[in-house]
Amino acid sequence: MKPVIRHSFNLSFGEAANLQEKLSAKVSTAGKSGKIKTVCGIDVSYSRGTNIFFAGAVVLSFPDMEILSSVTAKDTVFFPYVPGFLSFREIPVIQKCLLKLNGKPDVIIADGQGIAHPRKFGLASHIGVIYNIVSIGCAKSPLVGEFDEPPAKKGGKSPIIYKGAKVGYALRTKDNVKPVFVSPGNLISREDAVQTALACARRYRIPEPTRQAHMLVNNFRKKHEKR
DNA sequence: GCGACAG
DNA sequence: ATCTTGTCGC
């Protein structure tokens, strides 16, 4: 799978912010995505004192959540972690990883925000735009916006409001656990993004796609460190 | 200036 | 994100 838009990730914060604002104009949160047959979860991992990153992507059937295929990649990263610029740190290794993926999944779910971002261009939106693919952001903690505590039962949700607009939902993916924060990445509505994330949630807080990707990439990293 | 702050 | 063992709760 190859990106449709290519650009440098070796940018200053100012340049990165300008790029985010420019590319955010390409984000669409209008469409119905059509029938979803496959969902790809992506996650990145690394060890404490290093700048060697590992990425993992797992493709699952939807809504069965059966694992169909998976790929991993390794890369060296220099961009620091700064809230609001996570994609510049993680996308390079993710691109190396997705390059190994045969075919294009219907949806990509990333660990991070979609449009629930200072410039409406979080990790999931960035991936969605450069690959021109349906994408959803599913973060474990909020970055921007305000929201009420969603109902405690699985499926309970409450909108995340940022600068007067609804950018996503705080979603309970399991009874009595902290919610996850879902926002559209690209080519999907806020509502479809939450429904899809919820449909991917089984018996754990983290939806299967990103949960499987997380397990895969951690095993890959540990195996790589044992040499 | 102070506090917030995805992974 | 990662460093880490046991432990409390559903």
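The figures here come from the full heavy-atom set of this structure, side chains too, leaving out hydrogens, waters and symmetry mates. The structure presented is a predicted model; accordingly, all values stated were derived computationally and were not measured. Chain naming here is simple, since letters A, B, ... match the order of the sequence lines and numbering starts at 1 in each.
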So if I take every side-chain heavy atom of A:R48 and compare against C:dT2, B:dG7, B:dC5, which nucleotide ends up nearest? C:dT2
Any idea how A:F88 and A:F85 line up, ring-wise: parallel (<30°), tilted (30 to 60°), or perpendicular (>60°)? tilted
Without swapping roles, check the side chain of A:K154 against the backbone of A:R172 for a donor-acceptor pair under 3.5 Å. no
Walking DNA chain C from its 5' end, the first of A:D175 and A:V44 to be reached, judged by nearest nucleotide, is A:V44
For residues A:T76 and A:P92, determine if any side-chain heavy atom of one lies less than 4.5 Å from a side-chain heavy atom of the other. no
Examine the side chains of A:D43 and A:T210 and answer whether a donor and an acceptor come within less than 3.5 Å of each other. no
ring centroid sep under 5.5 Å plus plane angle under 30, A:Y81 with B:dG7: yes
Have a look at A:G84 and say if it touches a base, only the backbone sugar-phosphate, or nothing, with a 4.0 Å heavy-atom cut-off. base
Rounded to whole angstroms, how far apart are CG on A:N51 and C1' on C:dT2? 15 Å
Given C:dA1, is OP1 or OP2 found less than 4.0 Å from the side-chain N or O atoms of A:H214? yes
note: A:F85, atom CZ; B:dC5, atom C1'; distance rounded to Å ~ 12 Å
Rounded to whole Å, please give me the gap between CZ in A:R205 and C1' in C:dC10. 16 Å
In whole Å, I'd like the distance from the CD1 atom of A:I91 to the C1' atom of B:dA6. 13 Å
Go through the N and O atoms of the side chain of A:Y46 and the base of C:dA1, and report whether any donor-acceptor pair is under 3.5 Å. yes
Below the 4.0 Å mark, does B:dA6 have OP1 or OP2 next to a side-chain nitrogen or oxygen of A:K140? no
To the nearest Å, give me how far apart NZ (A:K222) and C1' (C:dC3) are. 11 Å
For a quick test of reading the model: is some side-chain N or O of A:R221 closer than 4.0 Å to OP1 or OP2 of C:dT2? yes
Could you state the atom-to-atom distance from CZ of A:R211 to P of B:dG7 in whole Å? 17 Å
Under 4.0 Å between any heavy atoms, over every strand shown, what does A:F121 touch: base, sugar-phosphate, or nothing? Just pick one. nothing
Is A:N218 close enough to C:dT2 that one of its side-chain N or O atoms is under 4.0 Å from OP1 or OP2 there? yes
Return no unless some side-chain N or O of A:S141 is found under 4.0 Å from OP1 or OP2 of B:dC5. no
Provide, to the nearest angstrom, the distance between the CZ atom belonging to A:F78 and the C1' atom belonging to B:dG7. 19 Å
Give a yes or no answer on whether the side chain of A:S135 reaches the backbone of A:I108 with a donor-acceptor pair at less than 3.5 Å. no
Should A:S45 be listed as having a side-chain N or O under 4.0 Å from OP1 or OP2 of C:dT2? yes
Mind calculating the distance between CD1 (A:I206) and C1' (C:dA1) to the nearest angstrom? 13 Å
